[in-house]
Protein chains: 2
Amino acid sequence: MSERVELCQEHHAHPEVLAHVKLDLPNEESLYDLAELFKVFGDSTRIRILYALFESELCVCDIAELLNMSQSAISHQLRVLKQARLVRNRREGKTIFYFLADDHVRTIIGQGMDHISE
Amino acid sequence: MSERVELCQEHHAHPEVLAHVKLDLPNEESLYDLAELFKVFGDSTRIRILYALFESELCVCDIAELLNMSQSAISHQLRVLKQARLVRNRREGKTIFYFLADDHVRTIIGQGMDHISE
DNA sequence: ATTACATATGAACAGATGAGCATATGTTTG
DNA sequence: CAAACATATGCTCATCTGTTCATATGTAAT
């Protein structure tokens, strides 16, 4: 947290480039939110849930069975996904159906897949 | 890890939908790799490094100064970014310049930004 | 109202993760 | 070769995260 000065003896990027880069950095809050968003994608259970919802809305117990995990574990993760506004849900009697909130989810995951498959 | 059967008394999605969803899930390895990739984006230090590299290649000490962090911390994170093949580097004498590996980085971060700004 | 079912939630615990510190490696200059 | 500089890396620790277990909430049927 202390001010850091002159880490390099001499700068390697031109000072005006450094100044420009500094100006173009989004504000701290956006950067934090962005990292928080990607953190949500950074778990294979949640990725699997999202993929499952690509096809169709599903209730909690169907997701649990599909992924061979406990109802509780899935419920906890759905909560995270919902807080990140990646999924939404609707109630139908005792059952609660979850579905993708919007198309950014598909796009982001798609780009990720592109990257890992070179 | 035990086989889980009939979590729901009755299924709420039609069985053929469930079967279809199951078939369309990517294999375990891809899902794992994808989560690993997003995990890398899920840290604000790394996001800030990537943003800095949007503009221009930079050496380690310039990044450290720009983000007001220690050389060690930056070096550790650059290692993570490099392993995920999001950045590459080149040596020029004592200095090592890091730059974005490809354009997926920009696209993925861009989509993330779109999402958080509604 | 009581029971059964679907989902949510709080506490706890094991494993992962990021930063700091000290130090090692690699490169250039004298 | 020695000294200085730029970067990398091993270790440690505090913190965060995901799952399990037990239990609570909400809904429908009898």
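Note on naming: letters A, B, ... go to the chains in the order of the sequence lines (proteins, then strands), and numbering restarts at 1 for each one.
- Rounding to the nearest 0.5 Å gives a distance of 12.0 Å between CD of A:Q111 and CD1 of B:I109.
- One atom, CD of B:Q77, and another, P of D:dT7, lie 16 Å apart when rounded to the nearest Å.
- Separation of atoms OG1 (A:T107) and CD1 (B:I108) is listed at 11.5 Å; rounding is to 0.5 Å.
- Residue B:R85 places its CZ atom among 12 or fewer non-hydrogen atoms of other residues, nucleotides or ligands, all under 6.0 Å distant.
- Rounded to whole Å, atom P of C:dT9 lies 15 Å from atom CD1 of A:I74.
- Under the 4.5 Å side-chain heavy-atom criterion for grouping Ile, Leu, Val, Met, Phe, Trp and Tyr, B:Y51 is not connected to B:F99 through any hydrophobic cluster.
- Closest approach to the A:N89 side chain among C:dA6, C:dA8, C:dA19 is made by C:dA8 (side chain taken as heavy atoms from C-beta onward).
- Residue B:L78 contributes atom CG, which lies 11 Å from atom P of D:dT9 at whole-angstrom precision.
- Rounding to whole angstrom units, CG of residue B:L81 and C1' of D:dT9 are separated by 16 Å.
- Rounded to whole Å, the distance from NZ on B:K82 to C1' on D:dT7 is 11 Å.
- When the side-chain nitrogen and oxygen atoms of B:Y98 are compared with OP1 and OP2 of D:dA6, none of them lie within a distance under 4.0 Å.
- The distance from atom CG of A:L66 to atom CG of B:L25, rounded to the nearest 0.5 Å, is 5.5 Å.
- Side-chain contact annotation: A:D33 with A:S30, donor-acceptor N/O pair under 3.5 Å absent.
- We find that CD of A:Q83 is positioned 12 Å from C1' of C:dT9, with the value rounded to whole Å.
- Remark: B:Y98 OH to B:R90 CZ distance equals 12.5 Å, nearest 0.5 Å.
- Note that CD1 of A:I49 is 10.0 Å distant from CG of A:L58, once rounded to the nearest 0.5 Å.
- Atom CE in B:M69 sits roughly 6 Å away from atom P in C:dG20 (whole-Å rounding).
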Practice problem: For nucleotides 23-30 of chain C, just jot down a letter per nucleotide in 5' to 3' order: B, S or -, based on protein non-hydrogen atoms under 4.0 Å. | Solution: ---SBS--
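- Computed from coordinates, the B:I47 CD1 to C:dG18 C1' distance equals 15 Å when rounded to whole Å.
- In this structure, A:S75 does not reach the C:dT9 phosphate: none of its side-chain N or O atoms is under 4.0 Å from OP1 or OP2.
- For the atom pair CZ of B:F38 and NZ of A:K39, the computed distance is 15.5 Å after rounding to the nearest 0.5 Å.
- Along DNA chain D, the nucleotide nearest B:I96 and the nucleotide nearest A:V80 are compared for position; the residue whose nucleotide lies closer to the 5' end is B:I96.
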Quiz item: Reading nucleotides 10-17 of chain C from the 5' end, what letters show protein touch, with B for base, S for backbone sugar-phosphate only, - for no heavy atom under 4.0 Å?
Solution: B------S
